[in-house]
There are 2 protein chains.
Amino acid sequence: MSTATQGSGAMANAAGPALHQKVLDSLGEAIASGELAPGRRLTLDEIQQKYGISRTLARDIMQVLESMNVVYSRRRVGIVVQEPAHWNVFDPKLVRWRLASERRAEQYSSLTELRIAVEPIAAAGAARRASSAERSRLAGLAAELRQYGEAGDLELFLAADIAFHRLLLNSCGNEMFSALDSMVEEVLTSRTRQGLMPFHPSPEALRAHEEVAAAVASGDARTAETSMHRILNEVRNAMGLE
Amino acid sequence: MSTATQGSGAMANAAGPALHQKVLDSLGEAIASGELAPGRRLTLDEIQQKYGISRTLARDIMQVLESMNVVYSRRRVGIVVQEPAHWNVFDPKLVRWRLASERRAEQYSSLTELRIAVEPIAAAGAARRASSAERSRLAGLAAELRQYGEAGDLELFLAADIAFHRLLLNSCGNEMFSALDSMVEEVLTSRTRQGLMPFHPSPEALRAHEEVAAAVASGDARTAETSMHRILNEVRNAMGLE
DNA sequence: GTGTTACAAAAGATGCTACCTATCTGATCC
DNA sequence: GGATCAGATAGGTAGCATCTTTTGTAACAC
């Protein structure tokens, strides 16, 4: 009897290796969107049956959600969706889920405010600590930005803009700032793609990027910071945060 | 034979419910400290035997570490420690592990730079969006700071300082800033306790806290931001970041 | 009759063993 | 040097035992 029913497992296995990922994303999005509201109770059995997965897998997935403080689990009670205030909102998975939900506007505005806070300090850090290769690459990207911006090629402009901001975050010598690079990319991409924040590169923005690059190149932290601040002030105004 | 060895499980079970946590922390600290260097390969079997745990538990724990981008796992290869550049350095668990390691100084300096970036913007946000209860409580905390600071009671001063900065982050209306509150608490606590950054509340700092509270109370975002900046400038100087 | 404590039962996570499968890697063979 | 094959190892499945917490109920006191 102990080995008679083993065969059934093989069938469900056909779904490929990313089963874990799929269920985790599905559950994560349901929570991020509010479909599974805070306080809502789940059980492992429920998850197992809903997604047709094994208990082990359901446990693994819940373990990950618990480690993100998105749910907590207690014996006899089950698995409970946490209040959003407890979530690890810096986890890239959670950011992704929130951006995929109806509430994406809130996530964008939080991320933008975070950029406003972090990027000027990152620019100052880069001016102090970037390698010479990074400094010159930054200047090259600023030149590209002008070129594509004036030519009106939004696609190439976006690519250069992403590269510029990523490089800055990665060369400022603070690994926490560096970890924000993919989120900044997400914001920049979406404001071009989804038109949530229409963007025509203004002469001021182009000039400010060049000033940041120049200040970083010459090691002038204060100017780098204020110039970056100028870039983000436009963003701030465009989003109506002020 | 299939059920003969079931009894052995019960014995190992006596260790309490937090077995998971214990092994996770142990492994996390080993990685954060560099004892398990990037590129180092592990296997589930290894983990199982080293900690005397079951495969299920070992898998759960690795799943969590993988979700933090601290390791990645591939079939036939095993579980590989990631480069620090990929880590989710905003995960509170990871911050805790890094603060527990020999490299805690790096973590403190990253966190301090993050504070310098975020808190002024948070102060501005609070001036715009805090509730009236929050505004008045902030003013009360500023008064407490002066009282305990002048009385020389470092312990009570620390408690009020933590409460002040936490409240500010929690009332600024940005849930990402809010999520940083426990990390700020950690930094404030340690600079008092471990004397890593000796701190005697200066008259300027006391005054700046009051100015932030007053600016938030009156809804003056710009003043709140610059006053908070002044608080952090002292921190910056004290840490020799400039 | 009402409230309070004590105990029993059940629900559900926590942990374990055992198995099979898919996939990658490295060695072997031509 | 390229194809083939064997083995190692995570990914996935099943089922069982245990421990904790809740809840329901019974007994008892007031």
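Proteins get letters first, then strands, A, B, ... in listed order; numbering begins at 1 in each. Side chains included, hydrogens not; waters and symmetry mates left out as well; all remaining heavy atoms used.
- Qualifying side chain to side chain contact (heavy atoms under 4.5 Å, CB included) partners for B/Ser110, counting only residues two or more places apart in sequence or in other chains: A/Asn174, A/Glu175, A/Met176, B/Gln107.
- In this model, the phosphate group of D/dG11 is approached by a side-chain N or O of B/Ser73 to a distance below 4.0 Å at OP1 or OP2.
- In this structure, CZ of A/Arg59 is placed 7 Å from P of C/dG15, rounded to the nearest angstrom.
- The shortest distance between side-chain heavy atoms of B/Leu57 and B/Val23 does not fall below 4.5 Å.
- With sequence neighbours left out, A/Glu144 forms a side chain to side chain donor-acceptor pair (under 3.5 Å) with no residue at all.
- Computed from coordinates, the B/Arg75 CZ to C/dT23 P distance equals 6 Å when rounded to whole Å.
- Within the structure, side-chain hydrogen bond (donor to acceptor under 3.5 Å, both in side chains) pairs that include any residue of residues 130-139 of chain A comprise A/Ser131-A/Glu134 (at least two apart or interchain).
- When heavy atoms are screened at a 4.0 angstrom cut-off, B/Leu42 is found touching the sugar-phosphate backbone but no base atom.
- Between the C1' atom of D/dT20 and the CG atom of A/Leu44 lies a distance of 15 Å, rounded to the nearest Å.
- The ring pair (Phe, Tyr, Trp, His ring centres under 6.0 Å) analysis of residues 62-91 of chain B, with sequence neighbours excluded, yields the pairs A/Phe90-B/Phe90.
- Between A/Thr43 and C/dA11, a side-chain N or O to OP1/OP2 separation shorter than 4.0 Å is absent.
- The interatomic distance linking A/Met62 (CE) with C/dG15 (P) rounds to 16 Å, in whole Å.
- Atom NZ in B/Lys22 sits about 15 Å away from atom C1' in C/dT14, given to the nearest Å.
- For the pair A/Ser73 and A/Val80, the minimum side-chain heavy-atom distance is 4.5 Å or more.
- The residue among B/Leu57 and B/Arg41 whose nearest nucleotide of DNA chain C lies closer to the 5′ end is B/Leu57.
- Nucleic acid contact class of A/Arg74 (heavy atoms, under 4.0 Å, all strands): sugar-phosphate only.
- Taking only distance into account, the side chain of A/Arg55 never meets the base of C/dG15 through a donor-acceptor pair shorter than 3.5 Å.
- Contact annotation: side chain of B/Thr56 to base of C/dT14, donor-acceptor pair absent below 3.5 Å.
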Pairwise N/O distances under 3.5 Å, protein to nucleotides 5-10 of chain C:
from: C/dA10; atom 1: N3; to: A/Arg76; atom 2: NH1; distance (Å): 2.8

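- The separation between B/Ile79 atom CD1 and C/dC24 atom C1' is 15 Å, rounded to whole Å.
- In this entry the distance linking CD of B/Glu46 with P of D/dA8 reads 15 Å, nearest Å.
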Give the table of side-chain donor-acceptor pairs shorter than 3.5 Å for residues 26-40 of chain A, with sequence neighbours excluded, one pair per line with atom names and distance.
from: A/Ser26; atom 1: OG; to: A/Tyr51; atom 2: OH; distance (Å): 2.8
from: A/Ser33; atom 1: OG; to: A/Glu29; atom 2: O; distance (Å): 3.1
from: A/Ser33; atom 1: OG; to: A/Ala30; atom 2: O; distance (Å): 3.2
from: A/Ser33; atom 1: OG; to: A/Glu35; atom 2: N; distance (Å): 3.3

